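Here the structure is laid out as structure tokens; the discussion comes afterwards.
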Amino acid sequence: MTLQIGRTLAESTPSFTEPPHPGDDAPNVLVILLDDTGFAQIGCYGSDIDTPNLDALAAGGLQFTNFHVTPLCSPTRASLLTGRSQHAVGMRGVSNWSTGFPHQLGHISPHAATVAEVLHDAGYGTFCAGKWHLAPMEQCSAAGPMDHWPLARGFDRFYGFLEGETDQFHPDLVCDNHPVDPPAGPDDGYHLSDDLVDQLLRMIRDSKGVRPDRPFFAYLPFGATHAPHQAPPEYLAKYRGRYDEGWDVHRRRWYERQLELGLIPPGTELAPRNPGVEAWDDLPDNQQRLAARLQEAFAAFLDHTDDQIGRLIDGLCAMGELDDTIVVALADNGASQEGGPYGVMHEMKFFNFILETPDEAIERIDDIGGPHSHTNYPWGWAQCGNTPFRWYKQNTHEGGVHVPMIVHWPNGIDPDQHGTLRHQFANVADIAPTLYDLIGVTPPATRRGLDQLPVTGHSFAELLSDPDAPARNTLQYFEMMGSRALVARLDGVWWKAVCRHEHGGDFDTEPWELYRLDDDWSECHDLAADEPDTLARLIDLWWSEADRHGVLPLDDRGVELFGARFRDRSPHPADRRYVYRPPMSPIPAQAAASIGGRSFDLTATVTRSSGDDGVLYAAGTQNSGITVFVQDDRLVVDYNAFDDHTVVESADPLPDGDVTLTARFRRTGSRTGSVEILVDGMPAGSADIPFYMRMISSVGASVGFDQGSPVSTRYPAPFPFAGLLHSVEIQLVSREAAGTDAARAQQQMAQQ
């Protein structure tokens, strides 16, 4: 009714604004995203890892065998959530980078509405629990700005972490727009994947309990199975000894099962071992033992994650919501190559140029998969995870971009199609337009005054009912740090042209490879020399697509783009002086003082009485870190370089009242350093540091307490300072020592 306002209520007519609603028939949507999970690693895609819940979704839905993503996490997430090219929306690489070019903003362009924004505007409840990694990491502290956090991009609720990785037992967590502590610790049975599902179910129940008429869009991007590979002890025990036969036996076994299940075309060859992957039988005993245990941790991690998916599905079923929920489960890229040839017990050692041999790492083999580990498996197991393909995550060959994808929707898929396969080519950008098509929602041409980029993905909605429908996406480009590829259907034949770029190589002269995908899914037979005209045509198409989607300029920088950018009006001031005044929330690594590899002074001003102990400043974890604290009325520094603790303690008790406490860290050589402590400016102790870390940890800092696992063995976390901590000032007194930029960059790249 038309609003009328008269002199009295009797002379007036009210008008009520009705919120949008997508209609009574609108289905729920659940998108489950696994991290660094290769094509073969889910049980129904060939492996022997127990994933009964994902397998059940495939058996009750559709299993896609020719689904593709980008080679890295942030770009895939940007494309998944927008239905557009990752370059077009500003995310050619990870959100840690910002280059000043439109294709690498470090966030999703506001000219590309997310699925959450579109469905929220249509009347959906929108919830996210898990890994975000779509905001500039400098902006992911409690200081913000929060323009690109989940709640600013269409989600009503968020619970998870904003970085590229986190410790599964001691995660860095955010609830909505503020940091929070985990509800428990590993001694209490805590694991992040359980927590994410608990929180997401609560969000859905809160919504459905009050508004049962309103459908939901739920996005569950697990931290699993990204490193660190961590799982509860009973899952680790379950896989003990399972992979002792080695990657050659298991890769062959998984490949044969893929052929048997029809997941790969008959005649597909098992690609040869990638360069750097040795025959299992040629490995020394300790290398085999270490590699097998690292694969056990991965399998346990995936198995545990699958059980959490089962809990979520059971929860939806108990609410009566599962039948009318479109479930899409996929991976963001292929299996990770960042574990190197041996695998790593602690990735920070690798980024400090410490090559930990299997003979050294084997001493801590029983830590693998638990809270006191930060492991990733070796190349051989990663290629096994990508069976039958070549190469890995970060590469535009099939091993990097060809992943599992399952669609389950009881009310929308005919029962006679349950458990069937779909071999049509599809890409991650095709998911959003498919959802819009199935729901009956049209993405806006303008949103909040901003013109929107066209949704360029191709709906595959008809594949849900017609297994013989043709692929709508017949031309798809790929690019990652200069590596390029194009899949195209030309004259009825599916081709792939691919160029594996080496950093610094000549884009114009480096070789392209050519594969006929109809009979060579695993890219074993390069036809570049036999079909030069076809290859030239595909290369021209690649450049055309690159121009259309904003891929240019080609930029092979990656690791160079990490690290602090010192400038005013930023978390890293130009004078390199940081001043923190607690109480403060934990500070993520890329927003915290950039102390790795540098000489610096840390000065804390306190007011205390006898017995006022606790942490003044801590950075890192129990695996590696630096902590400055007061204990038994003495100032203590513990420099924890991968469990080698250099501890210096003041000889005399601290005075009561106002005190200035200083720790001076100095780099004295390429790998050595020293620390001196001072009380009110007077020397109070010193020690040499045998190994001065360039990279300290992927975990950031906390002021006035030690967040997460304790850096020092001398106290339990968080050990908050009991006195009055006025401020902590950190003044960098040197620029990076040689190699620190590269070390930090390599570490950051492996987190993605």
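The structure displayed is predicted, hence computed values, not measured ones. Heavy atoms only: backbone and side chains are in, while hydrogens, waters and symmetry mates are out.
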Determine whether a donor-acceptor pair (N or O, by modelled atom type, separation under 3.5 Å) exists between the side chain of S702 and the backbone of Q707. yes
Quick one: do R565 and E138 make a salt bridge, cutoff under 4.0 Å? no
Mark yes or no for whether Q104, through its side chain, and V94, through its backbone, hold a donor-acceptor pair below 3.5 Å. yes
Mind listing the closest non-hydrogen atom pair of M137 and N96 along with its distance? CG-ND2, 3.2 Å
Aromatic ring proximity W494/F425, centre distance under 6.0 Å: yes
Verify, without hydrogens or angle tests, whether S483 (side chain) and N395 (backbone) share a donor-acceptor contact under 3.5 angstrom. no
Below 30° counts as parallel, above 60° as perpendicular, anything between as tilted: where do the rings of H103 and F101 land? perpendicular
So does D25 have more than 12 non-hydrogen atoms from other groups sitting under 6.0 Å from CG? no
Step by step, would you call H572 with Y578 a ring-ring contact (aromatic ring centres under 6.0 Å, His included)? CA-CA 8 Å; H572 303 288; Y578 304 81; 5.8 Å; yes
If I take atom CG from residue L196 and atom NZ from residue K131, how far apart are they, to the nearest 0.5 angstrom? 12.5 Å
Backbone N/O of D156 and side chain of T126: donor-acceptor pair under 3.5 Å: yes
With a 6.0 Å cut-off (strictly less than), is the heavy-atom count around CZ of R202, excluding the residue itself, greater than 12? no
Ion pair R472/D430, N-O distance below 4.0 Å: no
